[in-house]
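Before any comments, here is the structure.
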Amino acid sequence: MKLNIALALMLMGTTQWLNSQIRADWEGGVPEGCTTITVGKDASFDGSVMTSHTDDSHRTRSWMNITPPQKHGRRDKATMYSREKDDSRKMPAYKHTPVGEIPQVRHTYGFINSAYPCMNTKQLAIGESTFGGRESLVSEEGLIDCQRLIQLMLERCTTARQAIKMADELTKEYGYRDWGECLTIADKNEVWHLEMVGPGKGKVGAIWVAQRVPDKHVSVNANAARILEVDTTDTKNFMYSDNLFELAKDSAWWNPEEDKFRFAYAYAPEGRESMAARRREWRTLSMMAPSLDLDPEATDYPFSVKPDEKVTLHKMIEVFKDYYEHTPYDMVGHLKKVTEEGDTIPHPYANPFMPYDKYDLHNIEGGWGKLGERTIARWYTMYGTITQSRDWLPDEIGGLVWMAQDNIATSVYIPIYCSVSDLPASYKAPGRNGFNRNSAWWAFNRMSTLASLRWNDARHDVDKVFLPLQEEIFDQQRDIELAAMSMGRKQTIAHLTRYTIKWGNRVVNEAWKLGDDLWTKYDEKF
C-alpha cells in the first residue's frame with residue numbers, strides 16, 4: 001500500500017513537472033508557439049545565410065541585453081535550469097528553477113541575450129520552434145533544456161556543425177530535459193535544422209537528427225517535426241544521434257521490414273496532424289515559391305524548396321507579417337461592410353488578432369477548429385528576429401540581427417550587430433510585471449493592441465509611419481557598414497552600438513507616439 005502511494009505521488013509530481021514545462025503555451029495538446037524560416041546563402045539576395053524566430057509567447061521575458069565574452073576559472077560551473085510557468089505575478093511569466101551544474105569552459109563568446117539567445121560574436125545564429133513529440137520521451141533526469149542548449153551553443157561554438165556535435169556530447173553526458181525542439185542553426189556558410197527529443201522517462205541523453213538546408217533553398221519549422229527520411233550515407237546533409245533508429249524500432253514506432261524510417265512520424269507524429277503547423281508550412285513555402293502550387297491541405301511538404309526569386313529582407317518581413325489575407329483561410333474575410341456608395345469592403349472591426357474568446361461572437365472557425373487558423377503573424381508574439389551571417393565581412397559587421405518587438409504585423413525591425421556592447425535602455429526593461437512606460441515591448445504592445453481594435457482602418461495608419469521608417473533603416477545600412485570598415489575594432493563596436501541604440505530609441509518613441517495618435521483618432525470608434 002505504501003509503495004502504491006509513493007508511486008502515485010511520484011507520477012503526480014512528474015505530471016505536474018511535464019505540464020509546467022512549456023505546455024503553458026500549448027493548444028489542443030500540441031505546441032503552437034514559434035515560427036522559424038531559414039535561407040541558404042545562394043537563395044538570399046546578398047549571399048548571407050539566414051535564420052529567424054518569432055517568440056510567440058507572452059509568458060517569455062520581454063527584456064534582452066548583451067552578454068559579453070567572458071573568461072572563466074578551471075573550476076567554474078554553468079548552472080542549468082528548468083523553465084516552468086509562473087502565475088504569481090501580475091501577468092503570466094516563466095520562472096527558472098536551478099536543476100544542476102555542468103563544467104564551464106575557459107572562454108565563452110559574447111551573444112545577444114534575448115529570451116532565446118539569437119546570435120554570438122562569431123556570427124553563429126539560432127532560431128527555435130517547439131514541436132513537442134511523444135510525452136514518453138521527456139525525461140526529468142537530464143539537466144539541459146532548450147534555452148540553455150541554445151546559450152551553450154552560442155557561448156562555445158563558431159559553426160553550425162560544431163554546435164550540433166557539442167549538443168550531442170553534452171546531452172549524452174548531462175541529458176536533455178525538454179520537449180521536442182527544432183533549432184535552426186546558421187553560420188557564415190550554411191544553415192541546419194536540428195530536431196531533438198528526450199531519451200525516454202528516467203533516462204539521460206537525447207535523440208536527434210539534423211538536416212542541412214541546401215544553399216539554393218529555403219525551409220521552415222512551425223511547431224511540427226519536419227525531417228522525414230534520413231540518408232545515413234550523406235554526411236554533407238545529415239547528422240544524427242547513435243540511438244536514432246534503435247529506440248524507434250524497440251518501441252514499435254518504426255518497423256524496418258515494412259516502412260522507411262521517418263523521424264517526424266517515429267518521434268513526433270502528432271505534429272504532422274496539426275493544421276496549426278501545416279498551414280504555416282504551406283503558406284511560408286508557397287509565398288517563397290508560388291510556382292510550386294503546393295496543396296494547402298497536404299500532410300507533408302518538401303523539407304526545403306528553391307524560392308522563385310532571391311529572398312530579400314522585405315520578403316522575410318512580408319512572410320512574417322502574413323495572416324492569410326486574400327486566401328480561403330482568412331479567418332475574418334467573411335466580416336464585410338457595405339458602404340453608402342454600395343461597395344462591399346472589409347469591416348473596420350474585422351481583426352485577425354482578436355482574443356480567442358471573441359471568436360464565437362463572429363462565427364470564426366478554420367483548420368484549427370474553435371481557434372480558427374494559426375496564422376504566421378500573432379498578437380502574442382513577444383519579439384521576432386531575422387538574422388544574417390555574412391562571410392565576406394569581419395564578424396563585428398557581418399553578424400546582424402534584425403529585431404522587432406511584439407506583433408510583427410505592426411512592428412519595425414532595428415539592426416543589432418553581433419558585436420554591439422549595449423542595447424537601448426527600453427529593450428533591457430522588464431515588461432511582465434505590468435504596464436511599463438520604460439519598456440520597448442510595451443510601447444509596441446500597446447500600439448499594436450489599439451491598432452487591432454479597428455484593424456482595417458488603423459493598419460494603414462501604422463503602415464504610413466512604419467513602412468517609410470523601415471526603408472530608412474535599410475537605406476542607411478550600406479553607409480554605416482562602409483564607415484565601420486575603415487575603423488579599428490574598438491571603434492567599429494562603438495560605432496555600431498551607437499547606431500543600434502539610435503534606432504532602438506527612435507522606433508520606440510515612434511511606437512509610443514503612434515499609440516497616442518491611434519487612441520486620439522479612434523477614441524469614439526473602438
Calculate, to the nearest 0.5 Å, the distance between atoms OG1 and CD belonging to T35 and E128 respectively. 10.0 Å
Measure the shortest side-chain to side-chain distance between Q104 and R156 over non-hydrogen atoms and say whether it is less than 4.5 angstrom. yes
Under 6.0 Å between ring centres: does that hold for F353 and Y323? yes
Contact between R134 and P269 at the side-chain level, heavy atoms closer than 4.5 Å - yes or no? yes
Would you check if there is a donor-acceptor pair between the side chains of Y265 and D300 at a distance under 3.5 Å? yes
With no hydrogens and no angle check, is any side-chain donor or acceptor of R61 less than 3.5 Å from a backbone partner on W63? yes
If you count the non-hydrogen atoms of other residues, nucleotides and ligands that lie under 6.0 Å from NZ in K321, is the total more than 12? yes
Looking only at heavy atoms, the pair that brings A43 and V218 closest together is CB-CG1, 4.3 Å
Ignoring hydrogens and angles, tell me if any N or O in the side chain of Q123 forms a donor-acceptor pair with the backbone of R390 under 3.5 Å. yes
Heavy atoms of F45 and K310 approach each other most closely as CA-CB, 3.9 Å
Rounded distance [0.5 Å steps], CD1 in I207 versus CG in L247: 4.0 Å
With T54 as partner, the option from I408, N407, I376 fulfilling side-chain contact (heavy atoms from CB on, under 4.5 Å) is I408
Kindly give the heavy-atom pair with the smallest separation between S139 and G202, and that separation in Å. OG-N, 3.6 Å
No-hydrogen, no-angle side-chain donor-acceptor test under 3.5 Å, S291 and D308: yes
Looking only at side chains, do T36 and T184 share a donor and an acceptor under 3.5 Å apart? yes
Report, as yes or no, whether the 6.0 Å neighbourhood of atom NZ on K216 holds more than 12 heavy atoms from other residues, nucleotides or ligands. no
Answer yes or no: is there a donor N or O on one side and an acceptor on the other, between the side chain of S439 and the main chain of W441, under 3.5 Å? yes
For the student: nearest non-hydrogen atoms of P103 and Y174, plus distance: CD-OH, 3.0 Å
Stepwise, does the ring pair (Phe, Tyr, Trp, His ring centres under 6.0 Å) test hold for W402 with F320? CA-CA 13 Å; W402 296 96; F320 278 119; over 10 Å; no
Student check: side-chain heavy atoms of R278 and M275 closer than 4.5 Å: yes
For the residue pair E84 and S82, confirm or rule out a side-chain donor-acceptor distance under 3.5 Å. yes
Inspect the contact between D231 and K236 and indicate whether a charged nitrogen and a carboxylate oxygen are less than 4.0 angstrom apart. no
Supply the atom-to-atom distance L152 CG to Q147 CD, rounded to the nearest 0.5 angstrom. 12.0 Å
Could you go through the salt bridge (Lys or Arg N to Asp or Glu O under 4.0 Å) check for K188 and D395 one step at a time? CA-CA 9 Å; K188 292 177 279 188; D395 288 337; 3.1 Å; yes
Any side-chain to backbone donor/acceptor pair from W379 onto P355? Under 3.5 Å, distance only. no
Quick check against the 3.5 Å criterion: does R177 have a side-chain atom that pairs as donor or acceptor with the backbone of E140? yes
Determine the sole option in V209, L244, I227 for which the side-chain contact (heavy atoms from CB on, under 4.5 Å) test with Y267 is passed. L244
So, S129 versus N223: side-chain donor-acceptor pair below 3.5 Å or not? yes
Do you know which two heavy atoms are closest between A268 and A225, and how far apart they sit? CB-CB, 4.0 Å
Hey, mind stepping through R59 and D87 against salt bridge (Lys or Arg N to Asp or Glu O under 4.0 Å) and telling me if it holds? CA-CA 9 Å; R59 279 190 179 271; D87 293 326; 2.9 Å; yes
4.5 Å side-chain heavy-atom contact, Y116 and Y383: yes
Heavy-atom closest pair, residues F303 and R226: O-NH1, 2.9 Å
Do the charged groups of D242 and K172 touch, with an N to O distance under 4.0 Å? yes
Using modelled atom types and a 3.5 Å cut-off, is there a donor and acceptor pairing between side-chain atoms of N351 and backbone atoms of S452? yes
Mind checking the CG-SG spacing from L124 to C157? Nearest 0.5 Å is all I need. 6.5 Å
Would you mind reporting whether F245 and Y240 have side-chain heavy atoms less than 4.5 Å apart? yes
Can you check whether Y94 reaches R432 side chain to side chain, under 4.5 Å on heavy atoms? no
Below 4.5 Å, heavy atoms only, C-beta onward: do V39 and M316 meet side chain to side chain? yes
Does NZ or CZ of R279 fall inside the cone over W368's six-membered ring, less than 6.0 Å from its centre and within 45° of the axis? no
Go through it in stages, so that I can follow the logic: the residues are K249 and F261, the test is side-chain contact (heavy atoms from CB on, under 4.5 Å), and I'd like the CA-CA distance, side-chain angles, deciding distance and then a yes or no. CA-CA 9 Å; K249 179 180 176 181; F261 176 82; over 6 Å; no
Under 4.5 Å between any side-chain heavy atoms of P214 and S304, yes or no? yes
Sole candidate of Q70, E155, H72 that passes side-chain hydrogen bond (donor to acceptor under 3.5 Å, both in side chains) when paired with T108: H72
Between H193 and Q211, do the side chains contain an N or O donor and an N or O acceptor separated by less than 3.5 Å? no
Would you give the length of the straight line joining atom CE of M50 to atom OG of S44, rounded to the nearest 0.5 angstrom? 6.0 Å
Can you tell me how far CG of L149 sits from CE of M80, rounded to the nearest 0.5 angstrom? 9.5 Å
Near E365 CD, under 6.0 Å, is it more than 12 heavy atoms from other residues, nucleotides or ligands? no
